[in-house]
Amino acid sequence: MSHDMSEDKLPESHGSAGQHEVATHGDPFADPGLPAHEPRRTDIDERAAKRAERQVSLMFVVSMLATVGFIASYVAIDADKIVYIFPLGHVSALNFALGLTLGVALFCIGAGAVHWARTLMSDHELPAERHPIEADDEVRADVIEQFKTGAAESGFGRRKMIRNTLIGSMALVPLSGVVLLRDLGPLPEKKLQHTGWDLATPEHPLPLVNMNTNKPMKAEDIVVGSLTFAKPEGLEEDDETFQQQIAKDALMLVRIAPENIKDKDSAELGFEGILAYSKICTHVGCPISLYEQQTHHALCPCHQSTFDLADGARVIFGPAGHPLPQLKITTNEEGFLVATGDFAEPVGPSFWERS
Ligand code: FES
C-alpha cells in the first residue's frame, strides 16, 4: 500500500463496535481507521480472567498428562496387540495409544496458547506504519520498548500458573521423541561385521545362487558386460530373517574382459574376469542396481555414488567413502561359482572403523 498513514490523522471512530462509521471527509479512498475497541469480559471482570487462566493452565496440565500417557503406553503396551476401535476397525493398540496421547499433548499446548492469547493477552489493534527497511536507533529502542510492553501485557511474568504449566508441558513433550529412540533396536555388536558368506570356507565353499532364477550359477552363464545379482545357497525368500540377511549378503556380479581390469588384486579375487562385489552402497546402504557396461561404472540411485568396478570398485563420484567390498570367488569341480569365505571387511555404510 503506497498510502502513507503517518501523514494522516486517524479518523475518529463513532458509535459502538459493529456500527463503525467511516469518516471519509469526501475522499472515497480515505483510511477508514480502526473500529472502536470493545473490551472483553476478561478485561473488565477479574473473576472471568481468573477462570480463563485456570482453563489455559488446565490445557497445559492435560498436555503434560498426555505426554506421561504416551511414555507409559510405549513402555506398557505390547507392540503386537491389536484392538478394535470404531470406526477404524482393527488397529495396533500401541500405535493408537501413541497417536492419541501425542495428539492430545500437542493439541492442548496449541489450544491453551490460543485461548490465552484470545482471552488474556492485550487485544488492542494498532496500525503498523511502513518504515524504511533499516530502522534507526530511535525505532529500535521503540521496538524493544514495545516488546517489553507486550511481554508485560501477555502476563507471562505475572500469571505464574500459566507460565509454569506452559514450561512444564513444553519441557515434557520432547520426551515422547526420546523414548522412541528405543525403536532403533538393540546394538548390532558384531552382527554387521559378518554376512551369510561367513559359512563359506576353502574346504566347504558356498555356491552363489542367481537371485532371479534361484539356481546355482555357472561361470559360463555370466557374459562380459552383464550384471547379475546373487545370494548364498540356502538363503530362501520365505526364511523369517530373509530381509535382514539379504541386506548384507546381496552380491553384484559383473564380467569384465581381464585385460580391462585395472586393479590386479581385484582380478585375483574374481574368476576369469567375473567379479563379485557387495550390492550394498557404502554410503548409507542403498542397493546398487545400475551398471554402465562400457565404463564399468556402477551407480547408486540414492545419492549417485559411482564405483569403478574395473578398479576395485573405487569411488569415483558421490558421497560414499569406501569402495564396495569384494567377495573372493572361484568355481567348484562342476563349474559352479562358489565363495570360499566372507568379505574381508564389513559391507554397507562405513560408520565404523574399516580395515
Ligand atoms: S546410499 Fe548410495 S550414494 Fe547414498
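Counting begins at 1 with the first residue of the sequence. Whatever order the structure lists ligands and atoms in, that order sets their numbers, starting from 1.
- Distance CG/Asp43 to CG/Asp123: 5.5 Å, rounded to 0.5 Å.
- Note on residues 223-286: pairs passing disulfide (SG to SG under 2.5 Å), not counting sequence neighbours, are Cys286-Cys302.
- Counting only distances under 2.8 Å, and ignoring water, the protein N, O or S atoms around atom 4 (Fe) of ligand 1 are His283 ND1, His303 ND1.
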* **Thr101 and Tyr74: CA distance, side-chain angles, deciding distance, side-chain hydrogen bond (donor to acceptor under 3.5 Å, both in side chains) verdict** => CA-CA 10 Å; Thr101 50; Tyr74 190 78; over 6 Å; no

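- Between His283 and His303, the angle of the ring planes goes over 60°, which puts this pair in the perpendicular group of the 30/60° scheme.
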* To do: For the pair Lys231 and Asn210, evaluate side-chain hydrogen bond (donor to acceptor under 3.5 Å, both in side chains) and give the outcome as yes or no after the intermediate values.
  => CA-CA 7 Å; Lys231 60 179 182 171; Asn210 187 311; over 6 Å; no

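- Looking at heavy atoms from C-beta onward, Leu208 lies out of side-chain contact with Phe336 at the 4.5 angstrom threshold.
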